[in-house]
Every structure is written in C-alpha cells, then in structure tokens.
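Read through the structure below, which is laid out as structure tokens, and then see the notes.
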2 protein chains.
Amino acid sequence: MSVTIKDVAKLAGVSISTVSRVINNSKPVSLEVRRKVLEAIDELGYKPNEVARSLVTRKSNLIGVIITDIGNSYIAQMVRGIEEVGRMYKYDIVLSSSYGNPDTEKKFAQLLRSKQVEGIILVSEKNNDEVIKEIEDFRIPFVYLNKYYSNLNTPTVSIDNFEASFKMTKYLLGLGHEKILYTTAQEENEASLEKFKIDGYKKAIRDNGKNKGFLYSANGFGIDDGYNMGEDVIKLVKENNITAVFCCQDELAIGLINYCYDNHIKVPEDLSICGYGDTKIASIYRPKLTTVKEPYYDIGAVAIRRIIKKLKDEEIEEDHIYLPIRIMKRESCRRIK
Amino acid sequence: MSVTIKDVAKLAGVSISTVSRVINNSKPVSLEVRRKVLEAIDELGYKPNEVARSLVTRKSNLIGVIITDIGNSYIAQMVRGIEEVGRMYKYDIVLSSSYGNPDTEKKFAQLLRSKQVEGIILVSEKNNDEVIKEIEDFRIPFVYLNKYYSNLNTPTVSIDNFEASFKMTKYLLGLGHEKILYTTAQEENEASLEKFKIDGYKKAIRDNGKNKGFLYSANGFGIDDGYNMGEDVIKLVKENNITAVFCCQDELAIGLINYCYDNHIKVPEDLSICGYGDTKIASIYRPKLTTVKEPYYDIGAVAIRRIIKKLKDEEIEEDHIYLPIRIMKRESCRRIK
DNA sequence: CTGAAAGCGCTAACAA
DNA sequence: TTGTTAGCGCTTTCAG
C-alpha cells in the first residue's frame, strides 16, 4: 500500500488540504507549516497519485500517439520529436501501433480517449477519413501526420512537396543531367502527395526547356519495390540515355541502388540516383544518398507543440504548417559534363 | 462535458451500480435491464472513464517503458515487441526517452510510478544500479534490458553472448578464415558483456588450434567508431594477413565497411567483415552484413510477457531468460580456400 | 437481481 | 493562513 496525502497530513499534523497546497503551491502556506509538510513528504517518500489528480483536474498530462509502426525509422524520428518536446511541457506519450489497419486506428483512438489523453497525434500511411472524423468528434487537439497522402481540413505539418521536388530536380539539372527519370508510386490516388511532387519535377524540367521528362510508376514505396523496379528502370535508362533517377522515396532509391549493386551498375559512376525523405539510412548507406530532407523530428516536434499550444489556449497559426526543406547533396549523384 | 455513468443510469432508469455491472459483467443483471442499459450506452456513446476506473481498481493498464532513444533501430524493435504483446493483454505503453542520462532515467521512473504504471521496462545502455534499486523499491514487476552490460540479480532477457560469439567465430573458421580479428570496445568495464563475447571468440580460436587470435579495442560501439578504427584495423590486417574481422556490434562493422569503401578495399573480396546484432540496416546494406541475430523484437516481447505474467500471478521462470540466436550468413563474409 | 452508500486519492470551493 | 467538505467517475460492499 503506497503512501497517500492522508499519511502526510497525519504525520505533519495538518489537514490534507494544506498538504495539497504545498505540493501544488496553489495557496499561501506559512513557512513553518510548509516546512513540516515538506519534511513529512520527504520522510514518507510521498509521491502524489497522478491518477487521482487527473480525475479531479481533468488533466491527464497524457498525449496519445497512434502510429503505423515504430519500426519505420522516419516514424521513430517523428516520435522522438513528439516525445522530446512533449517532455518539455510535462506531457507523457502513450504509444499505439496500428500497423496500418484503419479499424485498429479507430479502436486505439477510442481507447486513448477513454484514458483521458488530452490530445492525439495520428501518424498514418493511408487516408482514413472515418478515423479522422472520429477523433475530431472528441474535441481534443489533434494533428494528422501523413507523408504519403494529404487530407485537407485537418491540422497537419509537412513540407511543401511541390517545392521540394522542384528544387531537387533543379539540383540534378544543375549537375548537368539532362535526362532525368522520376519514379513515383500510387500517383493515381486522389489524395496522393505524388501529384505535387510530379508537378514540381515537371515544372523544373519544363523550365529547363531542353528535354521532356520520364516517368515510371513503381508498385509501392518500399525497398523491395525499388529493387523490383530495377529491371524496368534500367531498361528505360538505357533506351533513353537517362543519367539520373529521382526516386519519390529513399527506400525506392536504396532498393534501386541495391539492384544496381547486384547487377554491376555503379552508382553514381554509371547512373546518378537520388531519393526523398532523408531517412536515417540515407547517410549511412554507401554511396551516401543524395536526397530531400524531410525533417521528421521537427515534424513531430511541431505537431505536439501545436497540440500543447491549443491546450494552453495560445494562439495557433494556420492549420497546415509547412517546414523548410533541404537538399542533402551527397554521393549518389555526380556531376556530368 | 463528456457522458458519465450517471447519464447512462438516468437514461436507462436504473442505478449506476447496475450500469457498472453490465459494463463489467461483474454480477448478474436481468436480461431486460441489461438491454435497456446497453441501449442507453449506445445512444449516448458512453465510454467509461479509465482514469476513474483506475483510481478505484488500482489498475492503470499502463506499463512504463524507459528507453535511451527510439532513434536506435534495435530499441525501436524492442519497443515494437513490447507494444505488440502488451496490446494483446490490453496494456498501453507510456514511453520515456532518457537519452542515456541516469538522472533522467530515475526521474522518469518516479514519474511513471506516480502515473500508476503497473510495471516498468528499462532499456539502458549504461549500468545504473541506483535507478535499478529505485525501481525495485516500487515493488512492481520490472525487467531490465541492456545489450551492452549485464546486471546480475535483476530480471532480464538476452541471448547467451558467449555462445553467440563462439558460434560466429566457428562459422568464420569454417569458411576457411584462420586469422580472425575481433574488435571489441569498453571491454575493461566490469559489467561489460564483451567479456563473454571475447571468451566465446577465444574459445573457438583455441579449439581450432591453428592460430592465436587478434584483439582490437575501439573507442565505442557506433558507426563513427567503426569508421575511425579503420586505419588501425587495416594496418593490423595487413601486418598479420588477417582475412576476417568480427566486430562486436553491427554499427562498428558498418563503419568499418564504410571505411573500406572509401579506401577502395573491397568487402568481402579483400576482407571479410561480420557484425553482431542484426539491426535493421544489416540486411539492407550492401554488401549484406553477415551477423549474429539478437532477436530484439522477441526480447521486448518476452520482457513484457514476463511483466504481465507477474501481474497475473502466473508462474515465472528464472530471472534471466535466454533467447536463441542465429548466425545470419550473408554477403560480407566469403569463403576462402 | 437491484439500489444505496462508501470510498479510491486528490483538488477546490467555502468557511473560519 | 488553515480546516472542512463536496465532489471527480467509477467499483464494490452491504442490504434488501
């Protein structure tokens, strides 16, 4: 049986309200009494029961985070940002992994709500309006994070994908590449962010004015998909004298480079390849991957910051927060004359 | 204002105890009344307040997990295991990242306790007896996970490091390597698991009987450390005709291979290199890394399973649970005649 | 089978 | 400045 406020009160010879006052600093308490209470607390090793506290204050100091899978390094980075700034404001994180299942997302949202979390961050990889509606019904601060699909009307934080893609293509062009292949995936999905990225790419190609672009559609965004598209892509490269491939995700790029490695095509000597995301592996891999940095840590940090602002009734900027991007110029793309 | 048990009771025309009984199935309730209550619950969209529930039942259904950094992929895997089996038993995970600071670990432990978590898993990378003592004082189920250092007398789950290292060395020997360098780090630390790994390596070398072993001590376990030891290691390799390097961690191996890549030494053609851990990158990297698989997911899963067993007063096996290992035979080590 | 009432540990009026 | 008291939303005796 753990020690409660009553025990402290008894030992200090005061009422429980007084004890409450000193631990919360909510009302003036005479120096003498405060000292006695503090002593009693110390002697008993008393720690307030946060559950009881939550019940009366209606503040759990908990923020629910629903993710697809912490095994994805970009999600781990986001969670890192979320946790770290949450911590600064004394919020704890309750983590739930949905593994992409919408029903699970919904169930977890309800579960979190019944645990009285004060806000929810949903990191999803599909588009799931129903869950979003459900969470919005809770009327607690909510941020939706999705690196693949957009969902208008829901607070979110991301990069400007059009601009990012435009800049990367410009960079490639600047390196002397004239024929650049953009590999996308699932671009037919209404809400896919690929739309913007393709547009950015096309705009840069168009601005350059020398060549038309090349588009290839992979089956997905994973390393395997990157590897599997290898044969098609290399064929395309050879037929059209393409010198650079801009992959819509790092994983795709890594998979493609792996395919090249296995088939004795040298990157970047024979072919320049860049990615998008700057996931952890991008800088570890050899050749180091040239890529667009999506600041995952910051995205998480800003997301929870927004929730906390809302909780504190601070002024909120617009619903969609855009974070700055950077082109990470590394080894996988070389300059050609 | 959210709907409470009172609202349900009123709408259903029964007492709150009856409502409680139907939601908990704790006592018989007549079919008719049950139906009415269920209807009311449904109509109001009632969800029990878990905080209030926790207060009276003293069960928070929360398990606290203190980690160093979710950015480490092996930790992400452990957390994945923890979360996934926790979920099966209806436990939620509260995550706290200490970034290796012992004071922070301790503070979080106390914080978690005051949030009434029912158990704690501490994933640490240093040895911190004080924190362990503190947590043990809580008298709640506790598991300590540390891939670098051992702490006797505290429940933990790991692999048998001696055996793992022995097996890997055997495998290298079997590939025809006679001169194998083992690169360690921090082996002088009393509690370091390196002791066991070095012993396993030495035993295999001794059993083989042909050559003495070679030991090199890096400055740490990271990719940078692996890269930085490159010069020394390659010198050692050349001077002694070493053909294989067994690194005590995957990161060290990756760093070393990166060094080789940058210095035009081919792996495995010129030198075989293997790691230890089988972190995510090991199978993505090219060449694919030959390594010892430490089953991080399972370690997390078994750890929380143990906590839940304890919570349910099920029988507990011994304090130290050993999980089976596997040698992942991949590309970075080749057979030599 | 059902309801009234006590109480989990704490905060926050309200009095004094 | 301090104590008394009424809850927060729920579970759980104890009567009936």
Got a list of side-chain donor-acceptor pairs under 3.5 Å for residues 40-49 of chain B, not counting sequence neighbours?
from, atom 1, to, atom 2, distance (Å)
Asn49(B), OD1, Val51(B), N, 2.7
Asn49(B), OD1, Ala52(B), N, 3.1

TODO: May I ask you to check whether Tyr149(B) and Glu190(B) show a side-chain donor-acceptor distance below 3.5 Å?
DONE: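 Their side chains do not contain a donor-acceptor pair, so the 3.5 Å distance test is not met.
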Task: Pair Glu50(A)-Asn61(A), side-chain donor/acceptor within less than 3.5 Å - done: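 No - no donor-acceptor pair under 3.5 Å links their side chains.
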Open item on the list: Using a 4.0 Å heavy-atom cut-off to protein, can you give one letter per nucleotide of nucleotides 11-16 of chain D, 5' to 3': B if the base is in contact, S if only the sugar-phosphate is, - if neither?
Closed with: BBB---
Task: DNA chain C contacts among residues 109-116 of chain A, heavy-atom distance under 4.0 Å - done: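 DNA chain C contact set from residues 109-116 of chain A: none.
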Open item on the list: Quick check on contacts: within residues 34-42 of chain B, what sits under 4.0 Å from DNA chain C by heavy-atom distance?
Closed with: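 When residues 34-42 of chain B is checked for heavy atoms under 4.0 Å from DNA chain C, there are no hits whatsoever.
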Suppose the criterion is salt bridge (Lys or Arg N to Asp or Glu O under 4.0 Å): which pairs have a residue in [range], not counting sequence neighbours?
| range | value |
| --- | --- |
| residues 20-32 of chain A | Glu32(A)-Arg35(A) |
| residues 93-103 of chain A | none |
| residues 60-78 of chain B | Arg80(A)-Asp69(B) |
| residues 124-149 of chain B | Lys106(B)-Glu130(B) |

Rounded interatomic separation in angstrom, taking [atom1] from [X] and [atom2] from [N]:
| X | N | atom1 | atom2 | result |
| --- | --- | --- | --- | --- |
| Lys6(B) | dG3(C) | NZ | C1' | 15 Å |
| Glu32(A) | dT2(D) | CD | C1' | 14 Å |
| Asn49(B) | dG9(C) | CG | P | 17 Å |
| Lys10(A) | dG3(D) | NZ | C1' | 16 Å |
| Leu31(B) | dC1(C) | CG | P | 10 Å |

Give a yes/no on whether any side-chain N or O of [X] is located under 4.0 angstrom from OP1 or OP2 of [N].
| X | N | answer |
| --- | --- | --- |
| Ser30(A) | dT1(D) | no |
| Arg58(A) | dT11(C) | no |
| Ser15(B) | dG3(C) | yes |
| Thr18(B) | dG3(C) | yes |

Open item on the list: Restricting to ring pair (Phe, Tyr, Trp, His ring centres under 6.0 Å), what partner residues turn up for Tyr89(A), sequence neighbours left out?
Closed with: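 None.
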Open item on the list: For a quick check of understanding: with a heavy-atom distance under 4.0 Å over all strands, which category does Val51(A) fall into, base, sugar-phosphate or nothing?
Closed with: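 No contact.
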TODO: Would you mind reporting whether Lys310(A) and Phe142(A) have side-chain heavy atoms less than 4.5 Å apart?
DONE: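 Result no, sub-4.5 Å side-chain heavy-atom pair not found.
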- [ ] Check the surroundings of atom NZ in Lys59(A): do more than 12 heavy atoms from other residues, nucleotides or ligands lie under 6.0 Å from it?
- [x]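 Count over threshold, so yes.
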Open item on the list: Holding to side-chain hydrogen bond (donor to acceptor under 3.5 Å, both in side chains), I want the full list of residues that pass it with Asn72(B), two or more places apart in sequence or in another chain.
Closed with: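 Checked Asn72(B) against side-chain hydrogen bond (donor to acceptor under 3.5 Å, both in side chains); zero matches.
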Task: From CD1 (Ile304(B)) to CD1 (Ile299(B)), nearest 0.5 Å - done: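 Rounded to the nearest 0.5 Å, the CD1-CD1 separation comes out at 14.5 Å.
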Task: Partners meeting salt bridge (charged side-chain N to carboxylate O under 4.0 Å, His left out) with Glu83(A) (sequence neighbours left out) - done: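 Glu83(A) satisfies salt bridge (charged side-chain N to carboxylate O under 4.0 Å, His left out) with Arg87(A) once adjacent residues are dropped.
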Task: Closest contact, heavy atoms only, Gly300(A) versus Ile82(A) - done: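 The pair with the smallest heavy-atom distance is O-CG1, 3.5 Å.
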Task: Axis-to-axis angle between the two ends of the helix from dC1(C)-dG16(D) to dA16(C)-dT1(D) (five base pairs per end, rounded to 10 degrees) - done: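 Roughly 40°, once rounded to the nearest ten degrees.
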